[in-house]
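First the structure, in the form of structure tokens, and then the observations on it.
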Amino acid sequence: MTQAHRTAAPADLILDWYDRHHRDLPWRVSPPMAARGVTPDPYRIWLSEVMLQQTTVQAVKSYFALFTTRWPTVIDLAKADNEDVMKSWAGLGYYARARNLKKCAEAVAFEHGGVFPDSEDGLKALPGIGDYTAAAIAAIAFNRQSAVLDGNVERVISRLHAIETPLPAAKPEMRALVSAMTPEHRPGDFAQAMMDLGATICTPRRPACALCPVNAHCRVLGREDPELFPRKAAKKEKPVRVGAAFIAEDHTGAVFLRKRIDSGLLGGMTEVPGSAWTARTDGETGLAAAPFPADWQACGTVTHVFTHFELRLSIYRSMVSGAVRAGEGWWQPKETLDGEALPTVMKKAIKQAIPDAFERVANRE
DNA sequence: AATGCGGGGAA
DNA sequence: TTCCCAGCATT
């Protein structure tokens with residue numbers, strides 16, 4: 001018997017491991033259901049994949065439940081109000097995903113007859129769907145033999161083959177290796193198996209190599225520290241920006257809010273008035289940036305870390321007695337503040353000025 | 001190829 | 001603290 005016959009292919013070993021360690025996730029079809037012929041709903045697969053972009057499974061779960069309850073089909077989501085979608089997405093981050101999610105739902109509902117394209121190319125033509133997501137939906141929802149490459153798979157592949165090329169330059173090489181490895185049968189399960197392997201065994205730090213179904217095939221294990229893979233280019237340090245935020249409260253407890261422009265940082269989300277966020281402290285990043293004259297009281301600072309900079313916001317609050325000329329914006333009643341499309345940094349700023357701002361409804365009775 | 005874009009959990 | 005997560009769009 002040849003070596004090839006005695007040793008199972010890595011893909012089969014990984015699929016066997018997957019079957020023994022199946023994770024029950026809200027967007028997955030359980031093995032018993034799959035055995036009865038139930039196939040994944042492309043809408044739910046798409047929604048979960050978009051939410052999971054650069055986002056952990058734990059963070060996604062409650063949002064996935066909310067969206068699928070409010071909008072059970074892609075048609076429902078396509079007909080939804082833009083602002084309702086942004087409000088429901090608030091807190092999940094990367095808000096361009098929410099804007100593209102809505103555009104994509106409209107495209108599928110109104111230009112594709114409510115049916116998702118079943119090919120990688122067709123999917124990739126839709127807003128918010130790139131290389132990874134197109135391959136993942138094609139494999140998982142339509143059983144296509146596409147090469148699914150995400151951060152987990154990059155780690156698994158880079159270790160299995162001891163790839164020395166640093167990311168992101170190594171991606172084409174990695175995709176070719178994944179493509180060669182992807183089986184004809186169960187390509188969707190294989191893709192999920194590779195991601196589960198990266199998430200639970202082949203982890204960034206202290207991987208559980210002893211439990212790995214393909215440890216015998218790994219070119220790094222036993223030779224070098226697996227934590228050194230994948231190779232990555234050095235990253236630069238985050239600059240600091242400063243600014244001011246103004247929380248105005250009227251006699252009813254309502255807070256003055258505005259809407260940010262649809263593009264760029266926190267695009268389309270709600271905010272409290274504030275200064276620009278700049279690298280240098282100057283007159284425009286303090287009290288001088290107040291939206292209207294009032295008895296502004298300094299009440300500390302809030303720090304928030306974004307992907308590419310750290311923000312230090314000086315917080316000011318005031319009680320406004322009568323009507324003020326406040327420019328663009330509106331007074332949001334305190335009872336409905338929590339339902340607004342407020343990103344986390346804005347909730348932090350409001351809490352700093354009004355500690356119980358988001359607990360008033362719960363504490364009222 | 002490089003950059004902008006959130007937020008939170010794990011070690 | 002640091003890392004990085006089922007990445008995409010734009011330049």
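Letters A, B, ... mirror the listed sequences (proteins, then strands); counts begin at 1.
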In whole angstroms, the gap separating C1' of C:dA6 from CZ of A:Arg97 amounts to 11 Å
Determine the contact category for A:Leu25: base if any of its heavy atoms lies under 4.0 Å from a base atom, sugar-phosphate if only primed atoms, P, OP1 or OP2 are that close, otherwise nothing. base
Tell me: CD1 of A:Ile140 to P of C:dA6, nearest whole Å? 13 Å
P atom, C:dT10 versus B:dG6: distance in rounded Å? 14 Å
Which residues share a ring pair (Phe, Tyr, Trp, His ring centres under 6.0 Å) with A:Tyr94, sequence neighbours left out: none
Using a heavy-atom cut-off of 4.0 Å across all strands, would you classify A:Trp89 as base, sugar-phosphate, or nothing? nothing
Please enumerate all residues that pass side-chain hydrogen bond (donor to acceptor under 3.5 Å, both in side chains) together with A:Glu164, with sequence neighbours excluded. A:Arg231
side-chain contact (heavy atoms from CB on, under 4.5 Å) with A:Met33: which residues, sequence neighbours excluded? A:Val29, A:Ser30, A:Arg36, A:Val38
Does A:Gly267 reach a base, just sugar-phosphate, or nothing at all? Heavy atoms under 4.0 Å. nothing
A:Lys236 near the nucleic acid: base, sugar-phosphate alone, or nothing, with a heavy-atom cut-off under 4.0 Å? sugar-phosphate
Rounding to an integer number of Å, can you tell me how far A:Leu228 CG sits from C:dT2 C1'? 16 Å
Can you see whether A:Phe229 has A:Arg159 sitting over its ring - NZ or CZ less than 6.0 Å from the centre and within 45° of the normal? no
Considering residues at least two apart in sequence or located in another chain, which fulfil the side-chain hydrogen bond (donor to acceptor under 3.5 Å, both in side chains) criterion with A:Asp16? none
Polar-atom pairs under 3.5 Å, protein N or O versus N or O of nucleotides 9-11 of chain C: list them with distances, or write none.
{"residue": "C:dA9", "atom": "OP1", "partner": "A:Gly128", "partner atom": "N", "Å": "2.5"}

Using a 3.5 Å distance criterion without hydrogens, assess whether the side chain of A:Glu227 forms a donor-acceptor pair with backbone atoms of A:Arg206. yes
Using the closest heavy atom to pick a nucleotide of DNA chain B for each, name whichever of A:Ala59 or A:Phe309 lands nearer the 5' end. A:Phe309
Nearest-angstrom distance from the residue atom CD of A:Gln54 to C1' of C:dC5: 6 Å
Could you tell me if A:Arg260 sits above the aromatic ring of A:Trp277, with its cationic atom closer than 6.0 Å to the ring centre and no more than 45 degrees from the axis? yes
Would you say the side-chain atoms of A:Thr270 and A:Arg258 include a donor-acceptor pair closer than 3.5 Å? no
Comparing A:Thr133 and A:Pro204 on DNA chain C - which has the more 5′ nearest nucleotide: A:Pro204
To the nearest angstrom, how far is A:Lys238 atom NZ from C:dC3 atom P? 10 Å
Under 4.0 Å from any atom of DNA chain C, heavy atoms only: list the residues of residues 147-163 of chain A that qualify, in numerical order. A:Asp150, A:Gly151, A:Asn152, A:Arg155
For residues 56-64 of chain A, tabulate all N or O donor-acceptor pairs below 3.5 Å that involve a side-chain atom, not counting sequence neighbours.
{"residue": "A:Thr56", "atom": "OG1", "partner": "A:Ala59", "partner atom": "N", "Å": "3.4"}
{"residue": "A:Tyr63", "atom": "OH", "partner": "A:Ala90", "partner atom": "O", "Å": "2.9"}
{"residue": "A:Tyr63", "atom": "OH", "partner": "A:Leu92", "partner atom": "N", "Å": "3.4"}

Among the nucleotides C:dA6, C:dC4, C:dC3, whichever has the atom closest to the side chain of A:Val57 is C:dA6
Return the value, rounded to whole Å, for the distance between atom CD of A:Glu237 and atom P of C:dT1. 14 Å
Using the C1' atom on both, measure C:dC5 against B:dC5 and round to a whole Å. 15 Å
Applying side-chain hydrogen bond (donor to acceptor under 3.5 Å, both in side chains) to A:Arg28 and not counting sequence neighbours gives A:Gln192, A:Asp196
Nearest-Å distance for atom pair CE/C1', residues A:Met195 and C:dC4: 16 Å
Holding to side-chain hydrogen bond (donor to acceptor under 3.5 Å, both in side chains), I want the full list of residues that pass it with A:Asp131, two or more places apart in sequence or in another chain. A:Lys124
Chain A contact limits on DNA chain B, taken 5' to 3' with a cut-off of 4.0 angstrom to heavy atoms: B:dT3 to B:dA11
Between C:dA6 atom C1' and A:Tyr94 atom OH, what is the distance in whole Å? 14 Å
Span that lies between the P atom of B:dA11 and that of C:dA6, in whole angstrom: 13 Å
Reckon A:Pro343 touches a base, only the sugar-phosphate, or nothing at all at heavy-atom distances under 4.0 Å? sugar-phosphate
Partners of A:Thr203 by side-chain contact (heavy atoms from CB on, under 4.5 Å), sequence neighbours excluded? A:Pro207
All N/O donor-acceptor pairs, side-chain side in residues 167-183 of chain A, below 3.5 Å, sequence neighbours left out:
{"residue": "A:Glu173", "atom": "OE1", "partner": "A:Thr165", "partner atom": "OG1", "Å": "3.4"}
{"residue": "A:Thr182", "atom": "OG1", "partner": "A:Val178", "partner atom": "O", "Å": "2.8"}

Quick one: on DNA chain B, does A:His308 or A:Gln58 contact a more 5' nucleotide (nearest heavy atom)? A:His308
How is A:Thr344 classified with respect to the nucleic acid when contacts are heavy atoms under 4.0 Å: base, sugar-phosphate, or nothing? sugar-phosphate
Just checking A:Ser48: base, sugar-phosphate only, or nothing, at a heavy-atom cut-off of under 4.0 Å? nothing
For A:Lys235 and A:Thr307, find the nucleotide of DNA chain C closest to each by heavy atoms; which residue's nucleotide sits nearer the 5' end? A:Lys235
